[in-house]
Amino acid sequence: MTTTTTTIPKGRIGELVRYFLRLGFLGFGGPVALVGQMECELVDQHKWLTKEQMREAIAICQSLPGPLAIQVGVYVSYLRGGFWGAWAGGWAFILPNFVIVASLGALYVYLGDLQPVTAIFYGVSPAVIALILHSCYRLAKLGMEDWLQWVIAAVCFAVTVILQAEVALLFIGAGIVGILYYGSLFKRTPPALSIAVVPVLAQLGPAATSSSLLGKLLLFFLKAGSLTFGSGLVIVPFLEQGLVQQFGWLDQRQFLIAVAIGMISPGPVVITATFVGYLVAGFWGSVVSTIGIFLPSFLLVLIVAPMLARHRGNPNVQGFVKGAYAAAIGTILGACILLGRVAIGDWLTVLIGVVSLAILFRWKVSNPLLIAATAVVGLIAFPLLQPTWVMNIH
């Protein structure tokens, strides 16, 4: 598929910043809703780009790891305002989410030991599991196409639950399987250059040579930001393995709270990194973690996206994306099992989880509304039932 060549008049960086600041503050509803809103406003109302250009931008960004809405915002900003416009528009999109989630992190650090906070997350935690399961179902409907993808998903699910293995290796392995099965390596077609980017990014990690906590946080989230194929929810099993099991920076209850914050705040789920960073290392921890989780998206969009626009029809690129997407489904389901052991411990939490899932399948209820309702249930029920198992989870 050829790239669109229509010239787009360059907009001022100021108008990009104003637009994406507003979108960042009001950006509830998930990546699909945000991208749909951008398409409506930027194509039909502002006339910043054509429908064809917008759809190509979405298709290219869907082929890259990272939060879709942020990457589309960066790509559109690049088309509208050039290199510096991309940086300005992208960070303006992220800034409102950062302020909201860092503030919540500060509140939790100072109020986290109070019984009302524990009561709220007693009710909220099983609803978070339901939200993840429902999102995973929608992702499976969108991108799971054949038997091999389901086999990859099943293997990744089993490995995540049983071995709690390094998720990066699962994604790379699944991508290679996808290239071998769907691609054209044996048809003497050279693979696109962009395939090599993900394994390279995946080698970024919390290296032993990093002496400071902030350095370790930055490297850890750089790695995480390069592996969010398919949905921001893919970050959940990766973070659980690293933050809870490998480094012990958070306990399982704190981690589940961090996921809940990421899901109810505007913007992508990966903004969870900001909350985690604040819990681990205060304000500067939140800054470093936010930069780490989003920086790969900027680099991929500005460096890899132009190459991918030329090679997106290459079967090896498509094969890698299909394999990695299937791995995303399996690891998300595996994370639901691991987190469910923390969130569900009595009859009421089972009931909250089941009812939440039923509501999500039956009606289009927003994440913040569902979380608010279950928080009220937790505040009422916790002092009545006094579930001691909640306090004993580490």
Side-chain angles (χ1 to χ4, degrees), residues 30-32 62-68 126 128-183 195 198-199 201-202 205 223-246 252 255-256 259 262-263 268-270 272 316-344 353 357 360-361:
V32 176
Q62 281 180 320
S63 302
L64 294 170
L68 176 63
V128 171
I129 303 299
L131 284 166
I132 297 174
L133 284 171
H134 182 252
S135 297
C136 192
Y137 169 78
R138 292 172 59 189
L139 288 169
K141 281 186 66 178
L142 185 66
M144 299 293 280
E145 298 173 356
D146 58 27
W147 66 271
L148 179 62
Q149 283 185 295
W150 285 109
V151 169
I152 292 172
V155 170
C156 291
F157 169 81
V159 170
T160 302
V161 173
I162 298 171
L163 301 180
Q164 300 176 0
E166 175 61 55
V167 177
L169 298 178
L170 294 180
F171 277 82
I172 294 169
I176 291 171
V177 171
I179 292 172
L180 294 175
Y181 184 79
Y182 302 108
I195 292 176
V198 175
L201 285 173
K223 183 176 181 180
S226 69
L227 295 170
T228 53
F229 267 101
S231 164
L233 287 173
V234 178
I235 203 175
V236 172
F238 178 81
L239 292 185
E240 199 272 341
Q241 193 268 340
L243 297 172
V244 178
Q245 299 171 33
Q246 184 178 356
Q252 289 183 313
F255 177 71
L256 200 55
V259 175
M263 296 194 76
V269 176
V270 297
T272 293
N316 297 312
V317 174
Q318 295 174 342
F320 187 93
V321 171
K322 282 186 176 182
Y325 195 97
I329 300 298
T331 53
I332 292 170
L333 288 173
C336 282
I337 299 296
L338 299 176
L339 295 173
R341 298 170 183 170
V342 181
I344 298 171
L357 199 57
L360 288 167
F361 275 103

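Across Gly340 and Ile129, no two heavy atoms sit closer than the pair N-CD1, 3.9 Å. Minimum heavy-atom separation, Ala326 to Gln149: CB-O, 3.2 Å. Between Pro126 and Ile344 the shortest heavy-atom distance is CB-CG1, 4.2 Å. Taking all atoms of both residues into account, the shortest heavy-atom contact from Pro67 to Val270 is CG-CG2, 3.9 Å. In terms of heavy atoms, Val259 sits closest to Val128 at CG1-CG1, 3.9 Å.
Using a 4.5 Å heavy-atom threshold, the side chains of Tyr325 and Glu145 count as separate. Using a 4.5 Å cut-off on side-chain heavy atoms (C-beta onward), Glu240 and Phe255 make contact. Between Leu360 and Tyr137, every side-chain heavy-atom pair lies at or beyond the 4.5 Å cut-off.
By the side chain to side chain contact (heavy atoms under 4.5 Å, CB included) test, Leu357 pairs with Ala130, Leu133, His134, Phe361, sequence neighbours left out. With sequence neighbours left out, the side chain to side chain contact (heavy atoms under 4.5 Å, CB included) criterion links Ile337 to Phe157, Val161, Arg341.
To the nearest 0.5 Å, atom CG of residue Leu148 and atom CG of residue Leu180 are 10.0 Å apart. If you take OG1 on Thr160 and CZ on Phe238, they are separated by 12.5 Å, rounding to the nearest 0.5 Å. Distance check, rounded to the nearest 0.5 Å: CD1 of Ile329 to NZ of Lys141 gives 13.0 Å. Summarising the geometry, atom CH2 belonging to Trp147 is positioned 8.5 Å from atom CD1 belonging to Ile152; distances are rounded to the nearest 0.5 Å.
Counting only residues at least two apart or in different chains, salt bridge (charged side-chain N to carboxylate O under 4.0 Å, His left out) contacts with residues 325-340 are absent.
A donor-acceptor pair shorter than 3.5 Å cannot be found between the side chains of Tyr181 and Asp146.
In this structure a side-chain-to-backbone donor-acceptor pair under 3.5 Å is missing from Asn316 to Gly319.
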